[in-house]
Amino acid sequence: MENKPYFVLAETDDYLVVFKNSSVPSCIGKTPNSCYELVVKDFPEVAKVKGKNQNDGGLLHRLDTDTAGILLFAKNQEFYDAINQEQVENRFAKTYTAYSATSCEIDSDLEGKTISSYFRAFGEKGASVKPIFDPKSETRANQKKCGNRIYSTKIVAIKEFLKKDNLKLYKIKCQIFSGFRHQVRSHLASEKMPVFGDKIYNPQFSDEKKMLFFASEISFLGKNYSLSEEFLDEIAQRTFFASAIK
């Protein structure tokens, strides 16, 4: 299943919960065969939903192309509108599982911490972002471009997962209710816990082919869907031990 571009985790009359693989875009763009396009081929009713953007149909949220994990698609307008309202009211919860390699101990006190910041995007289409924690202490450019909205990432759990030579791989779970591009990855890097294989926020592992970062769980309208821990851990273990870490 890991090698498929997408597969269905759950289906009802109202929605689809799917797993999107890494390297597959969430929505229509410059790269063909996005998850949306593949889903619509199998479930054409998704395209009939009117979403926030013209070419998104029933796609209710997005993931970065290199992020594997759970996406939710509405199959009808009524469900889409209900979940959209959940998102507006910050009641649509998304949990991410990240694996971070370090030669240092990660502070266990970070568990339970909420990282909150504004964000400034850099490069074409916000190719990278910088968390702005105190605009007053930043340059005028950062103050002007960071906007006026605060985004928060809660670190739900941290545990040591694997060891290799002088490195330890930590498994970190984070939860958000609203998101900015690269939010969780950037926030973790700001706390010296960059994601293993993240070419943007973890230069130490810029040659890694797979980023160990997953959208692992969603919760909405009293329902919960998650990827199995065994599935994620097996990918992380295989990738970590196969990597050429210096």
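Just so it is clear, the structure is predicted and the values come from calculations on it, not from any experiment.
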Could you tell me whether F119 and H187 have their ring centroids closer than 6.0 angstrom?
-> yes

Treat each ILVMFWY residue as a node, draw an edge where side-chain heavy atoms are under 4.5 Å apart, and state whether L227 and L212 are in one component.
-> yes

Test salt bridge (Lys or Arg N to Asp or Glu O under 4.0 Å) applied to E191 and K113, step by step = CA-CA 11 Å; E191 293 287 348; K113 178 178 179 178; 2.6 Å; yes

Closest non-hydrogen contact found for S216 with I70 is O-CD1, 3.5 Å

Heavy atoms of other groups near E89 CD, more than 12 under 6.0 Å = yes

Consider only side-chain N and O atoms of S22 and D66, and report whether a donor and an acceptor are under 3.5 Å apart.
-> no

Is the F220 ring parallel, tilted or perpendicular to the F79 ring (thresholds 30°, 60°)?
-> perpendicular

Are any of the side-chain nitrogens in K192 or D107 under 4.0 Å away from the carboxylate oxygens of its partner?
-> no

Less than 4.5 Å apart, any side-chain heavy atom of V18 and any of F73?
-> yes

D198 side chain to Y201 backbone, donor-acceptor under 3.5 Å = yes

E105 and K168: salt bridge (Lys or Arg N to Asp or Glu O under 4.0 Å), yes or no, with the steps?
-> CA-CA 8 Å; E105 294 286 338; K168 295 179 180 179; 2.2 Å; yes

Go through Y118 and K145 one step at a time and tell me if the side-chain contact (heavy atoms from CB on, under 4.5 Å) criterion holds.
-> CA-CA 10 Å; Y118 303 89; K145 295 183 179 182; over 6 Å; no

Are E234 and R238 close enough for a salt bridge, meaning some N to O gap below 4.0 Å?
-> yes

With a 4.5 Å heavy-atom cut-off, do K164 and L169 have their side chains touching?
-> no

Flag the pair R149 / Y151 as yes when at least one side-chain heavy-atom distance between them is below 4.5 Å, and no otherwise.
-> yes

Between S34 and C27, the two heavy atoms sitting closest are CB-O, 3.2 Å

Any residue meeting side-chain hydrogen bond (donor to acceptor under 3.5 Å, both in side chains) with Y99, in chain and number order, not counting sequence neighbours = D233

So which heavy atom on P5 is nearest to which on L38, and how close?
-> CB-CD1, 3.7 Å

Flag if over 12 foreign heavy atoms under 6.0 Å of CG, D13 | no

Counting only N and O atoms by type, is there a donor-acceptor contact under 3.5 Å from the side chain of K20 to the main-chain atoms of T65?
-> yes

Aromatic centroids of F19 and F231 separated by under 6.0 Å | yes

What one should report as the nearest heavy-atom pair of C146 and I132 is CB-CG1, 3.8 Å

May I ask you to test the K223-Y15 pair for a side-chain heavy-atom distance under 4.5 Å?
-> yes

Kindly indicate whether the side chain of N142, heavy atoms from C-beta on, has any atom under 4.5 Å from the side chain of K130.
-> yes

Run the side-chain contact (heavy atoms from CB on, under 4.5 Å) check on M193 and I155 step by step: do they pass?
-> CA-CA 11 Å; M193 298 185 292; I155 301 176; 3.6 Å; yes

With distance as the sole test, does T97 use its side chain to make a donor-acceptor pair with the main-chain N or O of F214 at under 3.5 Å?
-> no

Should V24 and N33 count as side-chain neighbours, where that means a heavy-atom distance under 4.5 Å?
-> no

Are Y225 and I83 co-members of a hydrophobic cluster defined by side-chain heavy atoms under 4.5 Å apart?
-> yes

Take F180 and S186 through the side-chain contact (heavy atoms from CB on, under 4.5 Å) test and state the conclusion after the steps.
-> CA-CA 10 Å; F180 193 88; S186 179; over 6 Å; no

Does any N or O in the side chain of E111 come within less than 3.5 Å of the main-chain N or O of I158, such that one atom is a donor and the other an acceptor?
-> yes

Between the side chain of Q183 and the main-chain N/O of S152, is any donor-acceptor distance below 3.5 Å?
-> yes

Can any side-chain N or O of Q77 pair as donor or acceptor with the backbone N or O of K50 at less than 3.5 Å?
-> yes

Do T95 and V156 have side chains that get closer than 4.5 Å, going by heavy atoms?
-> no

Please check if any side-chain donor atom of E45 sits under 3.5 Å from a side-chain acceptor atom of N76, or the reverse.
-> no

Rounded to the nearest 0.5 Å, what separation is found between the NZ atom of K171 and the NZ atom of K159?
-> 5.0 Å

Got a sec, which residues hit salt bridge (Lys or Arg N to Asp or Glu O under 4.0 Å) with E86, two or more places apart in sequence or on another chain?
-> R91

When every non-hydrogen atom of L71 is compared with those of H61, the smallest separation belongs to CD2-O, 3.3 Å

Could you tell me which non-hydrogen atom of L59 sits nearest to which non-hydrogen atom of R62, and how far apart they are?
-> CD2-CG, 4.1 Å

Same cluster for L63 and V39 if Ile/Leu/Val/Met/Phe/Trp/Tyr side chains link at under 4.5 Å?
-> yes

Tell me, do T153 and Y96 make a side-chain contact under 4.5 Å, heavy atoms counted?
-> no

Steps toward salt bridge (Lys or Arg N to Asp or Glu O under 4.0 Å) verdict (K173, E229) | CA-CA 11 Å; K173 284 196 172 186; E229 298 291 329; 2.5 Å; yes

